[in-house]
Amino acid sequence: MSSSSSPSLKPQASPATWLGVMGGGQLGRMFVHAAQAMGYKVMVLEPAADCPAGHAADRLLCADYTNPTALQDMAQQCVAVTTEFENVPAQSLASLADQVVVAPSARCVSVAQDRLVEKKFFLDCASASGVQPAPYHAIHTQADIDALPDDLFPGILKTVRMGYDGKGQVRVTNREAVRTALNELQGVACVLEKMLPLAYEISVLTARGADGQAVVYPIAENVHRDGILFTTTVPAPSVSAECVKQAQHAALTIIRQLDYVGVLCIEFFVLKDGSLVVNEMAPRPHNSGHYTMDACITSQFAQQVRAMTNLPLGDVRQHSPAVMLNILGDVWFAGDSDQAIEPAWEKILALPGANLHLYGKDEPRRARKMGHITFVAPTLEQAQAHVKTACDLLGIAS
Ligand code: ATP
Ligand code: MG
């Protein structure tokens with residue numbers, strides 16, 4: 001951290017207080033909006049000139065995440081820096097941390113960047129958190145494949161690093177399939193995870209301040225399609241009161257044991273027998289937490305601002321039942337056509353409780369996250385009915 005002559009982390013108009021964010025995607029954009037709403041100016045570091053957060057930022061540093069001049073610039077102008085995606089080089093966060101507050105820390109981000117380190121961490125805190133990860137085995141060499149226990153099959157082979165939206169994953173039923181898959185993945189470090197009988201998937205958004213104060217949001221129930229989040233429903237309709245307690249306790253234990261500062265999202269599986277398994281964590285606001293923008297007192301992005309600037313954390317109470325529907329580029333295209341047509345947003349916005357968020361991406365592409373809609377309503381059933389109507393209007397099978 002900088003010396004005692006460093007500027008206050010609190011919002012200030014003149015001279016302005018600046019925050020920095022590593023990454024220029026939609027999460028960065030929504031962070032920028034939340035920070036600006038609280039009076040901060042925001043600088044974004046991102047190699048792509050045309051990026052969702054760059055369009056909203058007060059300043060875009062268009063450079064590689066490891067560029068020393070850009071990092072120096074960010075450290076000098078900002079009082080605190082955060083990240084919007086987990087694959088930012090941890091070394092860049094570590095070097096920024098010599099001069100400015102960085103939350104979450106390089107150490108915490110690096111745990112989430114490596115599935116093996118992450119699973120080991122989950123195992124280490126399992127006795128306190130009450131949840132285990134899925135049974136797994138590290139795979140670096142052919143000998144590791146020979147040594148695989150039989151009961152890990154059928155399983156899912158996952159790359160240790162850089163996986164997201166189900167990418168870098170292959171389902172395998174035997175050792176031969178693991179060999180083939182590993183060759184296809186060009187021999188990168190992998191982990192084989194036992195395929196578990198999932199009943200549904202949930203995520204728990206939690207946040208912690210530098211003073212150790214921690215909060216946990218309501219449980220979100222997630223449905224994925226083709227590896228990408230499709231809907232998030234809160235309150236989670238399938239989850240028992242006991243499971244809610246267990247998952248929130250696990251999330252708070254994990255964030256404390258990590259000594260984490262900022263917003264952290266933890267994904268869990270609920271198995272058919274009702275038991276809870278921890279899957280992975282994202283060291284940042286998360287797609288499944290977008291509902292907080294419209295349905296909670298404090299959005300996950302405003303919470304990130306509060307946590308990184310050492311302000312009191314905000315109220316996580318949910319004031320309305322909500323369903324979030326992700327909007328992919330597919331809805332711009334009818335059938336197999338490659339001609340993009342803007343969806344009829346006016347029809348969506350005519351639905352009660354509809355909140356449209358578009359990320360400012362010029363080019364719609366199939367499977368590209370273009371925006372989301374959160375429906376809030378007096379009852380969850382009403383919100384679910386509006387999502388169904390929206391899907392019909394947008395040509396999404398519901
Ligand atoms: P993202 O970063 O988008 O959340 P990811 O690519 O990091 O995803 P995971 O979340 O680990 O990957 O897995 C993607 C999906 O695959 C899960 O949401 C779940 O539906 C399924 N899956 C993953 N691991 C298992 C498992 N052990 N047993 C059964 N299903 C699994
Ligand atoms: Mg996941």
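Counting starts at 1 for both ligands and their atoms, following the listed order. Worth knowing before you read on, the calculation uses all heavy atoms, side chains too, and leaves out hydrogens, waters and symmetry mates.
- Between Met74 and Val81 the shortest side-chain heavy-atom distance falls below 4.5 Å.
- Within the 4.5 Å cutoff, side-chain heavy atoms of Ser238 are placed close to those of Glu221.
- In this structure, atom 21 (C) of ligand 1 lies nearest to the protein heavy atom Arg171 NH2, 3.9 Å.
- Nearest non-hydrogen protein atom to atom 28 (N) of ligand 1 is Leu196 N, 2.9 Å.
- At least one N/O/S atom of Glu280, whether from backbone or side chain, sits less than 2.8 Å from the Mg ion (ligand 2).
- Close approach of ligand 1 to Glu267 (heavy-atom distance below 4.0 Å) involves ligand atoms 4 (O), 10 (O).
- By the 4.5 Å heavy-atom criterion applied to side chains, Phe268 and Cys243 are not counted as neighbours.
- Taking 4.5 Å as the limit, some side-chain heavy atom of Gln384 sits within range of a side-chain heavy atom of Pro237.
- Restricting Glu267 to its N, O or S atoms, the one at the least distance from the Mg ion (ligand 2) is OE1.
- Residue contacts with ligand 1, taken as heavy atom pairs separated by less than 4.0 Å, involve Met195 via backbone and side-chain atoms alike.
- Looking only at side-chain heavy atoms (C-beta outward), His290 and Gln300 come within less than 4.5 Å of each other.
- Shortest contact from atom 3 (O) of ligand 1 to any protein heavy atom: Asp165 N, 2.7 Å.
- For Asn222, no heavy-atom contact with ligand 1 is shorter than 4.0 Å.
- The residues Arg175 and Asp150 are annotated as salt-bridged, a charged nitrogen and a carboxylate oxygen being separated by less than 4.0 angstrom.
- The shortest contact between atom 30 (N) of ligand 1 and any protein heavy atom is with Leu198 CD1, 3.6 Å.
- Among Gln169, Lys158, Met281, the residue whose heavy atom sits closest to atom 16 (O) of ligand 1 is Gln169.
- Leu328 and Leu27 end up in different hydrophobic clusters when Ile, Leu, Val, Met, Phe, Trp and Tyr side chains are linked at under 4.5 Å.
- The proximity of Asn279 to ligand 1, defined as any non-hydrogen pair under 4.0 Å, is limited to the side chain.
- Interface of Ile156 with ligand 1, defined as ligand atoms under 4.0 Å from a residue heavy atom, comprises 22 (N), 23 (C), 24 (N), 25 (C), 26 (C), 30 (N), 31 (C).
- Counting atoms of ligand 1 from 1 in the listed order, those under 4.0 Å from a heavy atom of Phe269 are 19 (C), 22 (N), 23 (C), 24 (N), 25 (C), 26 (C), 31 (C).
- Contacts between Glu280 and ligand 1 below 4.0 angstrom, taking non-hydrogen atoms only, involve the side chain exclusively.
- Taking atom 20 (O) of ligand 1 as the reference point, the nearest protein heavy-atom neighbour is Glu201 OE2, 2.5 Å.
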*Could you go through the salt bridge (charged side-chain N to carboxylate O under 4.0 Å, His left out) check for Asp259 and Arg208 one step at a time?*
CA-CA 9 Å; Asp259 197 18; Arg208 185 170 170 273; 3.2 Å; yes
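- The nearest protein atom to atom 6 (O) of ligand 1, hydrogens excluded, is given as Gly166 N, 2.7 Å; this is a heavy-atom distance.
- Close approach to Arg115 involves these atoms of ligand 1, each under 4.0 Å from a residue heavy atom: 5 (P), 6 (O), 7 (O), 11 (O), 12 (O).
- Of the candidates Asn279, Val131, Ile254, Ile254 is the only one forming a side-chain contact (heavy atoms from CB on, under 4.5 Å) with Phe122.
- At a threshold of 4.5 Å between non-hydrogen side-chain atoms, the residues Val331 and Ile396 count as touching.
- At a threshold of 4.5 Å between non-hydrogen side-chain atoms, the residues Val216 and Val204 count as touching.
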